[in-house]
Number of protein chains: 2
Amino acid sequence: MTRKITANMEDYLEAIHVLAQDRGNVRVKDIAQVLNVTMPSVSGAVKKMEKQGLVSHPKYDTIVLTARGSVMAEEIYRRHRIIKSFLENVLGLDPDIAEQDACRIEHNISPETLAGLKRFME
Amino acid sequence: MTRKITANMEDYLEAIHVLAQDRGNVRVKDIAQVLNVTMPSVSGAVKKMEKQGLVSHPKYDTIVLTARGSVMAEEIYRRHRIIKSFLENVLGLDPDIAEQDACRIEHNISPETLAGLKRFME
DNA sequence: TAACAATGTTAGGCACGGCTAATTTAAGGA
DNA sequence: TCCTTAAATTAGCCGTGCCTAACATTGTTA
């Protein structure tokens with residue numbers, strides 16, 4: 001039932017989640033800025049996510065995560081935080097690099113490895 | 001000069017490298033088997049890699065890495081081994097899972113993080 | 001040597017995800 | 001109210017990388 005989602009869509013989902021927390025409402029333009037893509041790219045991605053029931057987006061309006069989208073976004077962001085924290089606090093990496101790497105690794109890590117990282121930090 | 005390469009091409013390069021070490025000569029079929037794709041997919045990928053000067057591949061013949069391809073493949077495989085070793089020996093993960101995760105993470109990790117992992121294991 | 005099996009390639013199509021250019025809508029100011 | 005501008009959308013294109021179906025080549029074997 002939980003349809004698989006691409007790494008790209010995970011990025012969009014996460015960006016929306018973070019923007020919503022920071023600024024309240026989320027527009028196509030904001031996402032484009034954060035993800036460093038053009039607005040048409042965001043439009044297309046959001047449309048796809050809407051079909052998958054992850055966001056709600058009335059035309060020309062702001063974008064809101066559905067319950068399901070929210071759950072997924074939080075899960076992705078949770079992975080992100082764990083990975084970043086590990087890189088920063090355990091490996092002692094520069095926060096910017098830790099952030100960058102977390103962004104990419106978060107899409108490709110198994111629950112087991114994630115649990116391993118977490119265990120390690122306690 | 002070192003043209004950037006996609007994660008997918010890295011997989012192909014690595015597979016060829018490993019196959020060459022294991023069995024000596026490498027055929028389209030072998031790569032297809034290892035990467036779990038069809039032969040036409042391999043044909044296309046190999047053609048692209050040939051254009052980039054990474055492999056040599058006479059029609060209907062075996063595939064051989066060029067010097068440049070070899071250097072890149074070894075570098076990728078080195079990353080792979082470090083990551084796998086970390087997951088297995090430091091985090092104590094199952095070797096199969098460590099292998100799987102290494103395969104995916106190796107394409108998305110910065111030199112800094114890699115160095116961090118390595119440092120950690122000494 | 002002729003035919004068959006295995007291997008490889010080509011042709012053509014699909015999904016993803018990016019882009020630019022052109023159009024549409026919404027919102028604010030004269 | 002009308003007009004300008006910012007934001008968003010649509011249309012259309014491109015590259016990547018996968019697939020199936022059809023064709024070509026190689027090598028083996030009867």
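Keep in mind that the numbers below use all heavy atoms, side chains included, and drop hydrogens, waters and symmetry copies.
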- Message: Within this structure, what is the OG1-CG distance for the pair Thr62(A) and Leu19(A), rounded to the nearest 0.5 Å?
- Response: 12.0 Å
- Item | Nearest-Å distance for atom pair CE/P, residues Met9(B) and dG15(D) | 15 Å
- Query: What is the distance from NZ of Lys47(B) to P of dG15(D), rounded to the nearest Å?
  - Reply: 16 Å
- Spell out, as yes or no, whether a donor-acceptor pair under 3.5 Å connects the side chain of Asp30(A) to the backbone of Arg27(A). yes
- Item | Trace of the salt bridge (charged side-chain N to carboxylate O under 4.0 Å, His left out) decision for Lys47(B) with Glu50(B) | CA-CA 5 Å; Lys47(B) 186 170 283 180; Glu50(B) 200 166 21; over 6 Å; no
- Keeping the roles fixed (side chain from Thr66(B), backbone from Leu54(B)), state whether a donor-acceptor pair exists under 3.5 Å. yes
- Which whole-number value in Å describes the distance from Asp11(B) CG to dT16(D) P? 16 Å
- Query: So which one's nearest nucleotide on DNA chain C is more toward 5', Lys29(B) or Ala45(A)?
  - Reply: Lys29(B)
- Item | Atom of Val26(A), atom of Ile16(A) and distance for their closest heavy-atom approach | CG2-O, 3.8 Å
- Message: Can you measure Asp30(A) atom CG to dA8(D) atom P for me and round it to whole angstrom units?
- Response: 7 Å
- Query: First and last nucleotide of DNA chain C in contact with chain A, 5' to 3', at under 4.0 Å to a heavy atom: what are they?
  - Reply: dC16(C) to dA26(C)
- Nearest-Å distance, CD1 (Ile63(A)) to C1' (dA7(D))? 11 Å
- Could you pick out which residue, Lys59(B) or Thr62(A), lies toward the 5' side of DNA chain D when each is mapped onto its nearest nucleotide? Thr62(A)
- Query: Among dC18(D), dT16(D), dA11(D), which is the nearest nucleotide to the side chain of Thr6(B)?
  - Reply: dT16(D)
- Item | Donor-acceptor under 3.5 Å (Arg79(A) side chain, Glu106(A) main chain) | yes
- Note on the structure: Taken to the nearest whole Å, CG/Asn8(A) to P/dG15(D) is 19 Å
- Item | Nearest-nucleotide pick for Tyr60(B), side chain only, options being dA24(D), dT10(D), dG17(D) | dA24(D)
